[in-house]
Amino acid sequence: MTGTAPAPFTADDYRARMERAARQAAEAGLAGLLVAPGPDLVWLTGYTPTAVTERLTLLVLAAGRDPVLVVPTLEAPDAERAPGARALTLRDWTDGKDPYAVTAALLDPEGLLRGPKGGGGALLGISDNTWALHLLGLQKALPGTSYASLTEALPMLRAVKDAAELDLLAAAGAAADAAFEEIRQVAFAGRRESDVAADLAALLRRFGHSRVDFTIVASGPNGANPHHEVGDRVIERGDMVVLDFGGLKDGYGSDTSRTVHVGEPTDEERRVHDLVREAQEAGFRAVRPGVACQEVDRAARAVIADAGYGEYFIHRTGHGIGVTTHEPPYMIEGEERPLVPGMCFSVEPGVYLPGRFGVRIEDIVTVTGDGGRRLNNTAREMVIVD
């Protein structure tokens, strides 16, 4: 694939994200946000440390205050080169100093967050992948404060994508589609699952992925395990093969699934595949602004349940995608949050018959002003491979 390289996000883009995060935190009753290295920090600042160690790196956000990134002195030069660095202040600390005291002073310079002695203090949001070592250090430096994970406190922080993000997700989806169009041309029969998985990984990289997160190749009875670990099983003629693959291209995720058949399928295999395709279409057609996330799951699940296969659809219908391949929102019963234009998520129903075979069909879908748009566009009909 060829094309113009995407324009990089600017310091203004990252400034707007940090301002939005601080504002949403205040609206949620949080006194501030603490963001450790990981996808949230990348999304907010564009900074990824070369190595994540026991030395504290933490973005401090609070409404009405300038954002500050606390970094070890020896990593400050790398942090200064991050695309969002001009939108924040760097505060470095040297070995032998207490980085938690530095952070506490930034977040609570007047000691107002800690609460009365023996009483409850302020509630702070903290990124999910913060090390326990650092959380405990912060609790000691800010006695009385309590903490909520960002997924719990601000689950929709990264959920609604802007136009540039949608373009990147669409490009990642197109690259995954190109990989599928190539893989369907290779020989499957007589080769190991791991061989086909290696081909898929190479294709994703060839079409622009910098990181391959997963290449599931689940043949025959292995297809009944939705998260099958690729092994050395030799694919046989007559196998159904579930292909589920994705990763990151230009910092944004791809994730698609297609189920192919080696040689001609049986009537039952074709019937189950058609059923899953119908369920996937029903889930897609349920996508529109204002509809609760759970309605997408219900629409897809009803098709499979009405056909008598409900007990074999054993996972949620979808998950969000962005700077990670799995993130909120989730298309699952009980999730009543409404869909909003710009949300992106998978629609991936499946049927898994233990000891026999499985079928899954998955597209990434984005919510538009009046419905949904697929970011994957390869054939959803049964594909026969050699």
Side-chain angles (χ1 to χ4, degrees), residues 28 39-40 128-129 148-161 169 173 213-214 216 218 223-228 242 244-246 253-257 259 272 275-354 358-368 371-376 380:
D40 292 310
D128 297 9
N129 53 337
S149 75
L150 286 193
T151 293
E152 175 188 331
L154 297 177
M156 296 295 108
L157 178 61
R158 304 196 319 255
V160 178
K161 275 64 180 180
L169 284 161
D213 284 348
F214 48 89
I216 294 173
N225 177 359
H227 283 175
H228 169 64
V242 179
D244 183 355
F245 51 97
S254 68
D255 185 1
T256 188
S257 299
T259 303
V272 172
L275 173 65
V276 174
R277 180 165 56 88
E278 182 184 348
Q280 206 267 349
E281 178 69 17
F284 169 70
R285 292 194 177 280
V287 175
R288 61 185 182 277
V291 168
C293 292
Q294 67 181 3
E295 295 301 328
V296 178
D297 182 86
R298 288 176 175 177
R301 199 168 299 276
V303 173
I304 292 173
D306 289 349
Y309 287 88
E311 66 182 291
Y312 303 112
F313 181 9
I314 56 177
H315 55 71
R316 65 196 175 202
T317 292
H319 58 82
I321 190 168
V323 293
T324 60
T325 49
H326 280 218
E327 61 185 45
Y330 298 103
M331 306 302 111
I332 190 171
E333 182 67 31
E335 180 50 85
E336 298 180 348
R337 286 186 178 85
L339 299 179
V340 176
M343 284 182 173
C344 290
F345 48 84
S346 64
V347 178
E348 50 175 310
V351 169
Y352 309 93
L353 303 178
V359 177
R360 181 164 64 259
I361 300 172
E362 173 185 14
D363 295 325
I364 298 302
V365 173
T366 184
V367 185
T368 65
R373 174 170 66 97
R374 285 185 166 104
L375 301 187
N376 296 106
R380 293 169 201 91

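- Look at R316 and D297 and you find no salt bridge, because none of the NZ, NE, NH1 or NH2 atoms lies under 4.0 Å from a carboxylate O.
- Side-chain contact between R374 and R380 is present, with heavy atoms from C-beta onward closer than 4.5 Å.
- Looking at every heavy atom in both residues, I314 comes nearest to E311 through CG2-O, 3.5 Å.
- With hydrogens and angles disregarded, a donor-acceptor distance shorter than 3.5 Å links the side chain of R301 to the backbone of F313.
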Under the criterion side chain to side chain contact (heavy atoms under 4.5 Å, CB included), I'd like the reasoning laid out for T317 against V347: C-alpha separation, chi angles, the key distance, then a yes or no.
CA-CA 6 Å; T317 292; V347 178; 4.1 Å; yes
Decide yes or no on side chain to side chain contact (heavy atoms under 4.5 Å, CB included) for M156 and V340, but give the supporting numbers first.
CA-CA 10 Å; M156 296 295 108; V340 176; over 6 Å; no
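- The CG atom of L150 lies 9.0 Å from the CG atom of N129; values are rounded to the nearest 0.5 Å.
- Smallest separation of non-hydrogen atoms from C344 and P329: O-CD, 4.4 Å.
- V276 has its side chain out of reach of Y309: every pair of non-hydrogen atoms, C-beta onward, lies at least 4.5 Å apart.
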Using side chain to side chain contact (heavy atoms under 4.5 Å, CB included), reason through L169 and I364 one step at a time and then give a plain yes or no.
CA-CA 9 Å; L169 284 161; I364 298 302; 5.6 Å; no
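- Judged purely by atom type and a 3.5 angstrom limit, S346 uses its side chain to pair as donor or acceptor with the backbone of H319.
- Between F345 and V367 the shortest side-chain heavy-atom distance falls below 4.5 Å.
- T259 places a side-chain N or O within donor-acceptor distance of the main-chain N or O of R360, the cut-off being under 3.5 Å.
- The heavy-atom pair separating A28 from L154 by the smallest distance is CB-CD2, 3.9 Å.
- Side-chain contact between E281 and I361: absent, with no pair of heavy atoms (C-beta onward) separated by less than 4.5 Å.
- Side chains of L275 and V303 form a contact here, defined as non-hydrogen atoms less than 4.5 Å apart.
- Separating the CD atom in E336 from the CD atom in E295 is a distance of 9.5 Å, to the nearest 0.5 Å.
- Counting only N and O atoms by type, the side chains of E362 and N376 include no donor and acceptor under 3.5 Å apart.
- Aromatic rings from H315 and Y352 are positioned such that their centres are separated by under 6.0 Å.
- The environment of CZ in R298 is crowded: more than 12 heavy-atom neighbours from other residues, nucleotides or ligands sit within 6.0 Å.
- Residues R158 and P39 are in side-chain contact: their nearest non-hydrogen atoms beyond the backbone lie under 4.5 Å apart.
- Counting heavy atoms from C-beta outward, D255 and H326 have side chains that approach closer than 4.5 Å.
- The line from CD of E348 to CG of D363 is 10.0 Å long, rounded to the nearest 0.5 Å.
- Shown here is F214, whose CZ atom has more than 12 heavy atoms of other residues, nucleotides or ligands within 6.0 Å.
- The minimum heavy-atom distance linking Y330 with C293 is given by the pair O-CB, 3.5 Å.
- Contact detail for G350 and I304: the closest heavy-atom pair is O-CD1, 3.9 Å.
- Side-chain atoms of Q280 never come within 3.5 Å of backbone atoms of P349 as a donor-acceptor pair (strictly under, hydrogens ignored).
- Between the side chain of D213 and the backbone N or O of G246, no donor-acceptor pair lies under 3.5 Å.
- I216 has its side chain out of reach of F245: every pair of non-hydrogen atoms, C-beta onward, lies at least 4.5 Å apart.
- Shortest non-hydrogen contact noted between P289 and G371 is CD-N, 3.8 Å.
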